[in-house]
Amino acid sequence: MSAKNDGPDGATPTKSEQTRALILETAMRLFQEHGYDKTTMRAIAKEAGVSVGNAYYYFAGKEHLIQGFYDRIAAEHQVAVREVLDRETNLEARLAGVLRAWLDIAKPYHEFAVQFFKNAADPDSPLSPFSPESEHAREEAISVHREVLAGATKTKVPEELRDILPELMWLSQMGLVLYWVFDRTEGRERSYRLAERGARLTARGVALARFRVLRPLVREVHELFTDFLPGMTNAIPDPASPRRAGS
């Protein structure tokens with residue numbers, strides 16, 4: 001993608017936006033060529049033809065460049081899913097289309113993702129998709145899954161699960177992303193197959209959630225993730241601190 005291309009909303013970017021995009025594009029290329037750890041902000045600035053101070057003005061560090069990458073992927077995904085979400089009303093078709101769209105967008109960045117995965121896999125790293133720094137991109141991705149559910153006209157989602165299911169669907173997408181990182185098949189063919197089968201299984205699971213007897217199980221799975229996954233909860237409570245009333 002050229003730094004001078006129109007943004008996802010079709011508007012012509014400002015000079016500031018073009019400079020920011022140029023720095024981000026340059027960083028992505030250098031990360032791919034030399035690796036994340038060996039690429040410095042000084043090298044990025046030099047290659048982009050801007051001062052080091054200007055590079056730091058737009059991105060406070062390399063970690064913020066990755067957040068810019070996350071945000072860009074999320075924005076591109078929001079645009080790419082429009083066609084399938086406007087056309088399909090079947091939950092499985094909507095979810096499969098959303099997952100395929102992500103794989104299509106991420107395709108050019110596969111080798112880069114492999115290189116920085118060891119940093120992103122660190123739960124204390126700001127590069128983690130569960131980190132506070134990744135919150136914006138994470139919320140954008142979860143909002144896509146909310147729309148997937150809302151537009152599935154033949155699938156009844158119990159009111160009590162409408163806030164829970166999109167997060168669980170996003171977590172399943174993160175499982176697909178993890179598989180994609182290690183997928184060495186031609187064209188990431190197995191990742192696409194996993195997306196199709198995962199969408200089918202998820203759609204069946206959501207359909208079963210209409211049965212009242214299974215709803216506590218869905219809530220328990222969600223609570224398991226929110227209690228133990230970094231980024232899915234604000235903090236692990238201190239056992240020594242008094243519990244709030246009603247908690």
Side-chain angles (χ1 to χ4, degrees), residues 1-3 5 7-8 20-41 43-44 47-48 59 61-84 95-123 125-131 133-134 136-142 144-145 148 169-202 231:
M1 179 188 299
S2 169
N5 282 352
R20 188 179 190 278
L22 172 62
I23 295 170
L24 181 58
E25 292 284 352
T26 303
M28 295 303 105
R29 177 166 54 81
L30 293 182
F31 290 158
Q32 287 180 294
E33 292 175 358
H34 306 295
Y36 175 80
D37 292 333
K38 293 183 179 179
T39 301
T40 65
M41 286 293 286
I44 293 168
E47 188 72 14
F59 298 97
K62 290 197 298 182
E63 295 87 353
H64 293 267
L65 280 159
I66 301 300
Q67 296 308 323
F69 169 69
Y70 286 166
D71 288 341
R72 187 175 71 180
I73 289 288
E76 291 182 9
H77 192 222
Q78 287 271 3
V79 174
V81 300
R82 291 269 56 86
E83 181 182 355
V84 68
L95 182 55
V98 162
L99 296 178
R100 284 196 305 268
W102 190 91
L103 291 171
D104 289 343
I105 290 170
K107 191 175 297 184
Y109 307 108
H110 185 263
E111 292 309 314
F112 162 64
V114 171
Q115 289 183 25
F116 85 84
F117 173 74
K118 65 179 183 295
N119 300 92
D122 181 352
S125 170
L127 305 187
S128 167
F130 301 103
S131 72
E133 291 85 353
S134 300
H136 180 264
R138 184 168 62 247
E139 284 302 318
E140 286 289 293
I142 293 173
V144 170
H145 290 290
V148 167
M169 291 163 67
W170 172 75
L171 285 167
S172 70
Q173 179 181 328
M174 288 299 97
L176 172 64
V177 171
L178 177 61
Y179 185 86
W180 170 80
V181 168
F182 293 100
D183 187 1
R184 286 290 184 264
T185 57
E186 184 70 24
R188 318 305 161 207
E189 178 266 341
R190 288 184 66 85
S191 293
Y192 281 91
R193 286 170 53 197
L194 178 60
E196 297 288 339
R197 295 180 67 175
R200 187 179 312 128
L201 183 62
T202 299

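If you read the sequence from its start, that first residue is 1, and numbering goes on from there. Predicted model only: the values in this text are computed from it and were never measured.
A donor-acceptor contact shorter than 3.5 Å is absent between the side chain of E140 and the backbone of Q78. Side-chain atoms of Y179 never come within 3.5 Å of backbone atoms of A195 as a donor-acceptor pair (strictly under, hydrogens ignored). At least one donor-acceptor pair under 3.5 Å links the side chain of S172 to the backbone N or O of M169. A donor-acceptor contact shorter than 3.5 Å links the side chain of S134 to the backbone of S128. A donor-acceptor pair under 3.5 Å links the side-chain atoms of R138 to the main chain of P129, judged by distance alone.
The OG1 atom of T40 sits 9.5 Å away from atom NE2 of H34, with the distance rounded to the nearest 0.5 Å. Of the inter-residue distances, the one linking I23 atom CD1 with I44 atom CD1 reads 9.0 Å to the nearest 0.5 angstrom. Between the CD1 atom of I73 and the CD atom of E76 there is a distance of 5.5 Å, given to the nearest 0.5 Å. Distance check, rounded to the nearest 0.5 Å: CZ of R200 to CG of L95 gives 11.5 Å. Here the straight-line distance linking atom CZ of F31 with atom CG of L65 works out to 5.0 Å at 0.5 Å rounding. Here CH2 of W180 is found 11.5 Å from CD of Q173. Values are rounded to the nearest 0.5 Å.
Across every non-hydrogen atom of D104 and P108, the tightest pair is O-CD, 4.0 Å. Looking at every heavy atom in both residues, L30 comes nearest to A43 through CD1-O, 3.8 Å. Considering all non-hydrogen atoms of both residues, Q67 and S131 come closest at NE2-OG, 4.4 Å. Nearest heavy atom pair, residue G61 against residue M41, reads C-SD, 3.9 Å. The nearest pair of heavy atoms linking E63 to P126 is CG-CG, 3.4 Å.
Within 6.0 Å of NZ in K107 there are more than 12 heavy atoms belonging to other residues, nucleotides or ligands. Atom CD of E83 has 12 or fewer heavy atoms from other residues, nucleotides or ligands within 6.0 Å. The environment of CZ in R82 is crowded: more than 12 heavy-atom neighbours from other residues, nucleotides or ligands sit within 6.0 Å.
Under the 4.5 Å side-chain criterion, counting only non-hydrogen atoms from C-beta, V177 is not in contact with F117. Here the side chains of V144 and W102 are not in contact, with every heavy-atom distance at 4.5 Å or above. Using a 4.5 Å cut-off on side-chain heavy atoms (C-beta onward), H64 and E133 make no contact.
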Apply the test side-chain contact (heavy atoms from CB on, under 4.5 Å) to residues F59 and I66: give CA-CA distance (whole Å), side-chain angles for both, the deciding distance (0.1 Å), then the verdict. CA-CA 10 Å; F59 298 97; I66 301 300; over 6 Å; no
Evaluation steps, side-chain contact (heavy atoms from CB on, under 4.5 Å), between R72 and M28: CA-CA 12 Å; R72 187 175 71 180; M28 295 303 105; 4.3 Å; yes
Checking side-chain contact (heavy atoms from CB on, under 4.5 Å) for the pair E25/R29: CA distance, chi angles, key distance, verdict? CA-CA 6 Å; E25 292 284 352; R29 177 166 54 81; over 6 Å; no
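Note: Y109 and F69 meet the aromatic proximity criterion, with ring centroids under 6.0 Å apart.
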Could you tabulate the donor-acceptor pairs under 3.5 Å formed by side-chain atoms of residues 181-188, not counting sequence neighbours?
from	atom 1	to	atom 2	distance (Å)
D183	OD1	T185	N	2.9
D183	OD1	T185	OG1	2.6
D183	OD2	T185	OG1	3.2
D183	OD2	S191	N	3.0
D183	OD2	S191	OG	2.7
T185	OG1	E189	N	3.1
T185	OG1	R190	N	3.3
R188	NH1	D183	O	3.1
R188	NH2	H110	ND1	3.4

